[in-house]
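Structure record follows, encoded as structure tokens.
Just so you know, these numbers come straight off a predicted model, no measurement behind them.
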Amino acid sequence: MLEDKTTERAMAIRKAYHQLEETYHAASWSIEEDALAFLTDAALVGRLVMSQENRWPSKSEEQLPHKIAESFWWLIVLAKRMDIAPHQALDTFLKEKEALLLDKKSD
């Protein structure tokens, strides 16, 4: 399945980063540190969107697709580290919102 392959790739990359962290800092990041890294990247997405909309001075809008993808990556990593199936969680969320917001339109 595509979801499984994406998750495997994401976790392989995270494992490589853990090895670098251990090499340079004698310990890999905790889940809390991964969450803080995600929040940093999510905040950068906000600034890059503001820049693209001419609401924040920056010359780095071309980084926006990368930072959005990196945020997806962090969320997959965080989910897996906390024993949550990321694609299943997203599917459940979408179904709940569809039932709440879209199914009512047919009434």
Side-chain angles (χ1 to χ4, degrees):
M1 266 185 133
L2 180 61
E3 299 99 31
D4 294 334
K5 194 67 169 166
T6 300
T7 299
E8 286 175 18
R9 292 170 65 200
M11 295 311 292
I13 291 166
R14 188 65 192 104
K15 183 178 179 181
Y17 274 116
H18 278 310
Q19 291 170 347
L20 287 173
E21 293 155 7
E22 290 173 14
T23 298
Y24 291 105
H25 304 289
S28 60
W29 283 8
S30 67
I31 294 171
E32 293 90 346
E33 289 169 309
D34 280 359
L36 288 171
F38 160 69
L39 291 173
T40 299
D41 286 328
L44 288 171
V45 167
R47 286 290 192 211
L48 292 168
V49 168
M50 289 178 71
S51 178
Q52 183 172 307
E53 297 298 311
N54 297 313
R55 303 295 289 168
W56 184 260
S58 175
K59 301 256 190 268
S60 53
E61 296 92 2
E62 71 280 352
Q63 293 177 11
L64 183 57
H66 174 86
K67 282 298 171 189
I68 288 174
E70 190 170 14
S71 294
F72 289 148
W73 174 74
W74 274 122
L75 290 170
I76 292 169
V77 167
L78 287 167
K80 289 299 290 179
R81 289 194 72 190
M82 293 181 287
D83 296 320
I84 297 168
H87 295 87
Q88 183 179 357
L90 178 59
D91 186 57
T92 299
F93 171 82
L94 292 173
K95 285 177 181 173
E96 289 171 359
K97 295 305 173 192
E98 287 167 340
L100 179 67
L101 301 170
L102 301 179
D103 291 346
K104 289 185 176 184
K105 288 184 179 180
S106 60
D107 293 341

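Take K95 and apply the side chain to side chain donor-acceptor pair (under 3.5 Å) test, not counting sequence neighbours, and it matches D91. In this structure Y17 satisfies the side chain to side chain contact (heavy atoms under 4.5 Å, CB included) test together with I13, R14, L20, E21, W73, sequence neighbours excluded.
Cluster membership check: F72 does not share its hydrophobic cluster with L78, using side-chain heavy-atom separations under 4.5 Å among Ile, Leu, Val, Met, Phe, Trp and Tyr.
Other residues, nucleotides and ligands contribute more than 12 heavy atoms inside 6.0 Å of the CD atom of E33.
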What pairs of donor and acceptor atoms, side-chain ones from residues 79-86 against any protein atom, are under 3.5 angstrom apart with sequence neighbours left out?
| unit_1 | atom_1 | unit_2 | atom_2 | d |
| --- | --- | --- | --- | --- |
| R81 | NH1 | W29 | O | 3.2 |
| R81 | NH1 | S30 | O | 3.4 |
| R81 | NH1 | D34 | OD2 | 2.7 |
| R81 | NH2 | W29 | O | 3.3 |

Report, one line per pair, each donor and acceptor closer than 3.5 Å where one atom sits in a side chain of residues 63-71; sequence neighbours left out.
| unit_1 | atom_1 | unit_2 | atom_2 | d |
| --- | --- | --- | --- | --- |
| K67 | NZ | D41 | OD1 | 2.8 |
| K67 | NZ | E70 | OE1 | 2.7 |
| S71 | OG | K67 | O | 3.0 |

Got a list of side-chain donor-acceptor pairs under 3.5 Å for residues 43-54, not counting sequence neighbours?
| unit_1 | atom_1 | unit_2 | atom_2 | d |
| --- | --- | --- | --- | --- |
| S51 | OG | S58 | O | 3.4 |
| S51 | OG | E61 | OE2 | 2.5 |

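Taking a 4.5 Å side-chain heavy-atom cut-off between Ile, Leu, Val, Met, Phe, Trp and Tyr, the cluster of F93 extends to L90, L94.
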